[in-house]
Undergrad: 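Sharing a structure here in structure tokens format.
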Amino acid sequence: MLKSIAVEQLRLGMYIHSIPGGWINHPFWRKSFKVETLDDLQTLRESPVEAVTIDTSKGRDVAPAEERAQDIEDEPETAYSGPDAVVAPAPVKTPPRTETAVERERAVRIISASKTTVLHMFTEARMGRTVDVKEAADLVSEITASVSRNADAIISLARLKTTDDYTYMHSVAVCAMMISLATQLGLNPDQVKQAGMAGLLHDVGKMAVPLDLLNKPAKLTEEEFASVRSHAVKGHNILRQIEGIGDAALDVSLHHHEKIDGSGYPYNLKASDISIMAKMGAVCDVYDAITSNRPYKAGWDPARSIRHMAGSAGHFDPVTLEAFVKAIGIYPTGSCVILQSGRLALVVDQLPDRLLHPRVKVFYSTTSRMPLKGEIIDLARGTDKIVAYADPTKWGVRNLPTLDLV
């Protein structure tokens, strides 16, 4: 039975059938899901959403009137004990988060060194020589440490690449995102490092593809496209020759272009035949690719990219994609948003416990249709708030502010 209720009436175990408005305007990229954690419950209650539709045949019904007055603090984690209830895992201790400004200084040095390291490794691969797995492992350890201190810092910087260094910096960005996603999915420390190694080396096969094809601004012919697609198998063959390379790196190099509906390549695998690491690789690879400037297209902003990926039915594993959205944030750094005050702003920093209230830089007034002097605002400490994602071009804004501000 479908029933419309106020968000204040939500309880753990309820199945949300739909949320009014487009998915991009509320905290969850899916409209239908079961409320199984206190974090999800709290996020919904703090969001602009006022009412939702629940399906009582798939989850808990509305609580009796006397229960509705309960504060969220009084909601026990065992409030729902049905047969399909999910027991929340024990909280994982995480190291204190380093301030973004501090971690970005470290991240700049890591990225600078990583560009040299990846360039050397990929050049060795292009020349037919063996990639130094220890060199790669040391870099993955550096990136893992940075992600653990503040994932947003290094990921946002790694995405700021030029078309000339795309192939190398794409690998660094995917490495950082794979580490962050693996952490979000609750993988153990060894698996997290394996995910990072897989991300760093997933595209090594492109060293066996002519550079003029990789950077061709015009549409590829069928023959040229087949050559580019061959990088998955070629990369797998390159990595197979490396002593000590992990299974995850081999798997992701070969299968990061597979799709869950079987329409991917090279083997048209379907969801049940694709490993979790390869599903993670597919999400991270595409996200960084479509948010980056390429010779044949300008990069999309994070919001448009996530919206596109969420709408690509049959491409990505839904659970993995949802975890990725949580890992990079509801409003990823670099997103353009419109505030309740009518100002356009660029997200420049976010905190894991305040994903709906990031730090932003306001730069344009939609009321006066005039540029504003750049000002950093912490939405967690003021009265203004994000209303929705915004397309700045609709307001005639072509050049967004830079991110090197915090």
Side-chain angles (χ1 to χ4, degrees), residues 4 6-8 18-31 40 42-52 99-101 104 152-153 155-157 159-160 287 290-291 293 298-311 325-326 328-406:
S4 179
V7 290
E8 291 79 9
S18 63
I19 303 176
W23 76 270
I24 205 70
N25 292 322
H26 59 72
F28 300 91
W29 72 272
R30 291 187 300 168
K31 284 191 175 183
D40 285 351
Q42 183 76 48
T43 299
L44 271 166
R45 288 178 173 177
E46 291 180 349
S47 75
V49 177
E50 297 180 354
V52 298
E99 285 292 325
T100 300
R104 281 197 175 181
D152 191 51
I155 289 175
S156 61
L157 286 174
R159 285 185 45 246
L160 301 177
Y287 178 80
I290 62 180
T291 56
N293 291 324
W300 291 348
D301 68 85
R304 180 182 178 185
S305 300
I306 292 295
R307 186 163 55 239
H308 169 79
M309 292 171 70
V325 173
K326 289 182 178 179
I328 65 169
I330 297 169
Y331 301 109
T333 298
S335 300
C336 184
V337 295
I338 185 167
L339 305 181
Q340 192 174 50
S341 61
R343 293 177 293 179
L344 296 184
L346 194 70
V347 176
V348 295
D349 189 23
Q350 52 186 331
L351 292 174
D353 58 342
R354 297 191 305 221
L355 292 179
L356 293 174
H357 307 96
R359 294 178 71 206
V360 301
K361 181 182 183 183
V362 296
F363 63 89
Y364 186 84
S365 170
T366 63
T367 304
S368 64
R369 292 183 175 268
M370 293 289 290
L372 298 172
K373 181 180 179 180
E375 177 188 0
I376 301 293
I377 296 176
D378 187 346
L379 295 180
R381 298 182 179 180
T383 57
D384 214 345
K385 62 181 181 180
I386 294 174
V387 176
Y389 284 105
D391 179 358
T393 61
K394 291 183 178 180
W395 303 96
V397 178
R398 301 294 174 184
N399 299 313
L400 295 179
T402 58
L403 289 174
D404 54 346
L405 303 163
V406 292

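Counting from 1, the numbers follow the sequence of the chain as shown.
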Undergrad: Report yes if the side chains of Y364 and R369 come closer than 4.5 Å at any heavy-atom pair, otherwise no.
TA: yes

Undergrad: Heavy-atom distance under 4.5 Å between the side chains of T333 and I155, does that happen here?
TA: no

Undergrad: Where do R104 and S156 come nearest, in terms of heavy atoms and distance?
TA: NH2-OG, 3.1 Å

Undergrad: For L379 and L339, run side-chain contact (heavy atoms from CB on, under 4.5 Å): C-alpha distance rounded to whole Å, both residues' side-chain angles, the deciding distance at 0.1 Å, then the answer.
TA: CA-CA 10 Å; L379 295 180; L339 305 181; 4.1 Å; yes

Undergrad: Kindly compute the distance separating CD1 (I290) from CH2 (W300), expressed to the nearest 0.5 Å.
TA: 5.5 Å

Undergrad: Among residues at least two apart in sequence or on other chains, which ones pass side chain to side chain donor-acceptor pair (under 3.5 Å) with T393?
TA: D391

Undergrad: In Å, rounded to the nearest 0.5 Å, how long is the span from CE of M309 to OG1 of T291?
TA: 9.0 Å

Undergrad: Could you tell me the separation between the CG atom of D384 and the CG atom of D378, rounded to the nearest 0.5 Å?
TA: 12.0 Å

Undergrad: Determine whether S335 and D301 make a side-chain contact, defined as any pair of heavy atoms from C-beta on separated by less than 4.5 Å.
TA: no

Undergrad: Please report the shortest heavy-atom distance between L344 and W395, naming the atom on each side.
TA: CD1-CD1, 3.7 Å

Undergrad: Please determine whether side-chain contact (heavy atoms from CB on, under 4.5 Å) holds for the pair V397 and F363, giving the CA-CA distance in whole Å, both sets of side-chain angles, and the decisive distance to 0.1 Å.
TA: CA-CA 10 Å; V397 178; F363 63 89; 3.7 Å; yes

Undergrad: Which heavy atom of G329 sits nearest to which heavy atom of Q350, and what is that distance?
TA: CA-OE1, 3.4 Å

Undergrad: Nearest heavy-atom pair of P302 and P332: which atoms, and what distance?
TA: CB-CB, 3.7 Å

Undergrad: Would you say that L346 contacts P392 through its side chain, given a criterion of any heavy-atom pair below 4.5 Å between the two side chains?
TA: no

Undergrad: Taking only residues two or more places apart in sequence, or in another chain, which ones meet Y287 in a ring pair (Phe, Tyr, Trp, His ring centres under 6.0 Å)?
TA: F324

Undergrad: When rounded to the nearest 0.5 angstrom, what distance separates CD1 in I338 from NZ in K394?
TA: 10.5 Å

